[in-house]
Amino acid sequence: MSSNQPGVQSRPPSYACPELVLDVQRVLDVAARQTIRAEFRFDPAAPLAVSVVLVVEGGPRVLWRIGRDLLRQGLRSASGLGDVQMWPARSEGGGTAWLQLASRDMAALFELPVPPLEEWLEHTYELVPAGRELAEVDWDAATADLLAGS
């Protein structure tokens, strides 16, 4: 079992997914944008979510965990509710998509390039196909951990 997640079997290292690093645009207002580095990571041992670290030059690193399915759907149509929402920038599809992240009283809107993100996401689905995300879970161990309060 993985030492990071009780009840989840570790996958062999051959399942590693490379990190995707993109320069994305944070929309500050109608005429102002800021380039932010976005680092996307996928862990096959926790395949339901993608970790996204947003890095502002000279500023903090902000971590968001976003559903992998939400990202995939958001490339083609509106996806997500509440804190994380994503949709294509143009109705006919195109080269960019909008990602809105909200927390408490703050919200940020980012424009993401679709082709590299779409290619990277497809690679994650080759590693762990849709519908197989929970196939490696040892439900007996996970239930025992929950009941033990760990």
Side-chain angles (χ1 to χ4, degrees), residues 1-27 35-56 59-104 106-150:
M1 275 192 252
S2 170
S3 60
N4 295 335
Q5 291 186 318
V8 177
Q9 299 287 328
S10 295
R11 295 180 194 264
S14 62
Y15 282 92
C17 185
E19 173 181 87
L20 173 67
V21 178
L22 296 175
D23 284 336
V24 302
Q25 296 294 310
R26 179 174 179 210
V27 178
T35 300
I36 304 283
R37 189 174 76 225
E39 302 169 353
F40 292 79
R41 294 184 183 95
F42 175 73
D43 180 359
L48 292 172
V50 168
S51 295
V52 182
V53 176
L54 301 168
V55 182
V56 178
R61 299 171 61 87
V62 179
L63 170 66
W64 280 80
R65 287 195 174 80
I66 302 173
R68 183 172 68 145
D69 290 344
L70 183 152
L71 287 174
R72 185 185 215 185
Q73 180 182 340
L75 297 174
R76 304 267 181 264
S77 63
S79 178
L81 296 170
D83 293 350
V84 180
Q85 297 178 44
M86 187 169 167
W87 62 96
R90 292 167 198 66
S91 59
E92 71 275 359
T96 62
W98 299 110
L99 174 65
Q100 181 173 295
L101 303 174
S103 175
R104 296 188 191 112
M106 304 274 305
L109 180 63
F110 300 92
E111 188 172 14
L112 310 175
V114 167
L117 180 56
E118 183 173 44
E119 182 179 323
W120 182 82
L121 278 170
E122 287 310 312
H123 182 62
T124 72
Y125 282 98
E126 290 170 7
L127 295 174
V128 181
R132 301 283 305 153
E133 291 91 350
L134 300 177
E136 299 291 324
V137 174
D138 178 342
W139 290 106
D140 292 333
T143 301
D145 288 341
L146 284 173
L147 294 174
S150 62

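Bear in mind the structure is a predicted one, so any value in this text is a computation, not a measurement.
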**Q.** Leu63 side chain near Arg65 side chain, heavy-atom distance below 4.5 Å
**A.** yes
Q: Among Ile66, Val52, Leu109, find the one that has a side-chain contact (heavy atoms from CB on, under 4.5 Å) with Leu101.
A: Ile66
Q: Looking only at non-hydrogen atoms, find the nearest pair between Ala97 and Gly74 and report the distance.
A: CB-O, 4.2 Å
Q: Measure across Val50 and Leu121 and return the closest heavy-atom pair with its distance rounded to 0.1 Å.
A: CG2-CD2, 4.4 Å
Q: Using a 4.5 Å cut-off on heavy atoms from C-beta on, say whether the side chain of Asp83 contacts that of Ser103.
A: no
(Q) Working to the nearest 0.5 angstrom, can you tell me the gap between Leu54 CG and Phe40 CZ? (A) 7.5 Å
Q | Partners meeting side-chain hydrogen bond (donor to acceptor under 3.5 Å, both in side chains) with Glu19 (sequence neighbours left out) | A | Arg41
Q. For Gln85 and Ser79, does a side-chain donor sit closer than 3.5 Å to a side-chain acceptor?
A. no
Q. Side chains of Trp120 and Leu22: does their closest heavy-atom pair fall under 4.5 Å?
A. no
Q) Can you name the nearest heavy-atom pair linking Pro88 to Ala78, along with the distance? A) CD-N, 4.2 Å
Q) What heavy-atom pair brings Arg68 and Pro47 nearest, and what distance separates the two atoms? A) NE-O, 3.2 Å
Q. Going through the checks in order, is the side-chain contact (heavy atoms from CB on, under 4.5 Å) test met by Leu75 and Met86?
A. CA-CA 7 Å; Leu75 297 174; Met86 187 169 167; 3.5 Å; yes
Q: Of all the heavy-atom pairs spanning Pro44 and Leu127, show the shortest one and how long it is.
A: CG-CD1, 4.5 Å
Q.
Using side-chain heavy atoms (C-beta onward) and a distance below 4.5 Å, is Thr124 in contact with Arg72?
A. no
Q) Looking at CD of Gln25 and OG1 of Thr35, how far apart are the two atoms once the value is rounded to the nearest 0.5 Å? A) 3.5 Å
(Q) Before you tell me yes or no, could you show the steps for Val24 and Leu99 under side-chain contact (heavy atoms from CB on, under 4.5 Å), namely the whole-Å CA-CA distance, both residues' side-chain angles and the distance that decides it to 0.1 Å? (A) CA-CA 10 Å; Val24 302; Leu99 174 65; over 6 Å; no
**Q.** Results of side chain to side chain contact (heavy atoms under 4.5 Å, CB included) for Ala108 - residues two or more places apart only
**A.** Arg26, Phe110
Q: Might you confirm whether atom CD of Glu119 has over 12 heavy atoms from other residues, nucleotides or ligands at distances under 6.0 Å?
A: no
